[in-house]
Engineer: 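First the structure, which I've put down as structure tokens, then a few questions once you've had a look.
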Amino acid sequence: MLKYISSSDKKILLELFTERKAIYIYYFHEKYLFSPAQINRFIRNYLKEKIISFDDYKIKLTEYGIKWIVHNRRKIFLSHNKKEWKKIPNGWLVKINENINDLKLKNNYL
Amino acid sequence: MSEKINELPKSSNKMNPEDFIKLSDLLKIQTWLEDVCEALVELWNLCEYKNEQNLLFELLRRFLFLDYKMVNKNSESISKIICDKWKLESQSTIIVALCDDNKPDGSQYLIQILKSKFAYRYDWTEKNFLNNLSTVGQAPYHLKDGQNLILIDDFIGTGNTVERRIKWLRSKIEKINKPDIKIFLVSLACMQDALNVIKSLNIKFFTPKILKKGISDYYKGKILKNNIHNMKNLESKLHPMYKNLHLSNFNFGYGKAESLFAIEGLNVSNNVFPIFWWPLLIEERERNTILKRIR
């Protein structure tokens with residue numbers, strides 16, 4: 001069972017899902033600069049799950065793979081690894097030497 | 001699906017389709033290279049000619065890389081040889097790592113893994129295992145008449161280290177006048193050429209893997225000559241000195257062993273071709289290597 005879908009996996013899955021045809025592995029290197037290791041790991045993991053077929057250096061989604069993507073579309077395409085919402089905007093940060101009371105004076109709305 | 005693993009890095013440069021496919025083929029056979037793909041590409045690009053790349057492909061294709069699972073499995077077979085084939089009993093047997101100084105090495109890694117394989121054999125205890133050859137004899141029960149001493153090492157390249165340490169041990173046994181002590185030897189892997197050295201020591205030996213020389217034992221005639229030339233050409237791109245080590249002592253691996261062997265996470269043996277681990281290029285530039293060795 002797949003424990004984690006990497007960002008390169010997601011891009012390859014999206015390409016395979018939209019194109020619905022066998023894609024030559026070099027295409028992913030040429031377009032996204034994915035390394036042979038990234039592509040090799042993708043092939044190994046997704047072949048094992050029968051999500052893709054691999055023949056003559058070309059990858060294609062299986063029938064099951066198409067259904068699997070539809071079923072897991074939120075996890076694959078809507079989840080972001082970088083939790084942007086967790087980042088604190090620069091203006092909201094207090095410098096270590098700054099007095100919290102001085103900050104109150106600066107920000108009238110507090 | 002949320003568990004995060006280390007994401008592999010992208011390529012820093014675009015490769016041509018032929019190289020990309022060739023490296024993909026190699027990664028399919030040797031999946032451990034995935035984690036060092038950047039170093040692999042760097043190694044690939046170090047080659048001036050296709051013949052050099054073809055040689056590296058062949059050497060890496062045949063490379064024996066033991067991951068933890070394989071070490072574990074081989075340790076299991078070593079324990080079976082000791083107990084079921086050699087029929088050595090716990091009361092009269094001590095298993096000793098071949099390490100003889102204060103520097104940690106692969107023999108200590110192996111003895112730590114091997115120890116657990118004896119857990120279900122009731123009579124064996126921690127007392128049966130020593131992590132340093134120099135400690136043999138410190139307790140009176142180590143060297144008594146009828147004792148069996150099993151020396152273990154992770155890898156035997158030329159056999160010279162083993163020979164030296166067994167001679168030292170024998171002289172120690174002679175000094176205390178206990179002729180009835182038997183010495184055995186086991187290792188995870190051993191070069192075929194070292195077998196003669198071990199045979200001359202007249203001891204029982206077991207290894208699950210016997211390895212041939214990476215170039216000399218695989219090619220003949222003109223192809224052999226060409227591949228020796230290819231490797232010499234590749235090694236000429238390495239700096240002749242690194243931290244007071246002379247590359248000339250390690251050409252084709254220490255003792256010209258031509259080894260193609262490594263254990264996951266351990267310092268690679270100096271018997272391995274230096275092109276896979278020597279960290280400095282001729283122009284005094286550090287290089288990213290697929291295998292690591294600390295000096």
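Each chain gets a letter, A, B and so on, in the order its sequence line appears, and its residues count up from 1.
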Engineer: How about A:Lys60: does its NZ atom have over 12 heavy atoms from other parts shown lying under 6.0 Å from it?
Structural biologist: no
Engineer: If I measure from the heavy atoms of chain A, does B:Asn16 come under 4.5 Å with its side chain, its backbone, both, or neither?
Structural biologist: backbone
Engineer: Are more than 12 heavy atoms from other residues, nucleotides or ligands located less than 6.0 Å from atom CD of A:Glu19?
Structural biologist: yes
Engineer: Does the side chain of A:Asn40 come within less than 4.5 Å of B:Leu23's, by heavy atoms?
Structural biologist: no
Engineer: Mind checking whether B:Lys28 and A:Arg44 have side chains closer than 4.5 Å, heavy atoms only?
Structural biologist: no
Engineer: Test: ring-ring contact (aromatic ring centres under 6.0 Å, His included). Region: residues 218-238 of chain B. Which pairs qualify, not counting sequence neighbours?
Structural biologist: none
Engineer: Heavy-atom count check: over 12 atoms from other residues, nucleotides or ligands less than 6.0 Å from A:Tyr27 OH?
Structural biologist: yes
Engineer: Within a 6.0 Å radius of atom CZ on A:Arg74, are there more than 12 heavy atoms belonging to other residues, nucleotides or ligands?
Structural biologist: no
Engineer: Report the option among A:Ile43, A:Asp9, A:Ile25 that has the most heavy-atom pairs separated by less than 4.5 Å from atoms of chain B.
Structural biologist: A:Ile25
Engineer: Roughly how far apart are A:Gln38 CD and B:Cys37 SG, rounded to 0.5 Å?
Structural biologist: 8.5 Å
Engineer: For A:Tyr57 and B:Asp25, does a side-chain donor sit closer than 3.5 Å to a side-chain acceptor?
Structural biologist: yes
Engineer: What residues of residues 28-37 of chain A sit under 4.5 Å from chain B when you count only heavy atoms?
Structural biologist: A:His29, A:Glu30, A:Tyr32, A:Leu33, A:Phe34, A:Ser35, A:Pro36, A:Ala37
Engineer: Should we say atom NZ of B:Lys256 is surrounded by more than 12 heavy atoms from elsewhere, each under 6.0 Å from it?
Structural biologist: yes
Engineer: Does A:Lys58, at its NZ atom, have more than 12 non-hydrogen atoms belonging to other residues, nucleotides or ligands within less than 6.0 Å?
Structural biologist: no
Engineer: Would you say that more than 12 heavy atoms from the other residues, nucleotides or ligands in this model lie under 6.0 Å from the CD1 of B:Ile223, or not?
Structural biologist: no
Engineer: What do you reckon, is NZ of B:Lys50 surrounded by more than 12 foreign heavy atoms closer than 6.0 Å?
Structural biologist: yes
Engineer: Test side-chain contact (heavy atoms from CB on, under 4.5 Å) on B:Ile21 and A:Tyr24; report intermediate values, then the result.
Structural biologist: CA-CA 10 Å; B:Ile21 293 298; A:Tyr24 184 41; 3.6 Å; yes
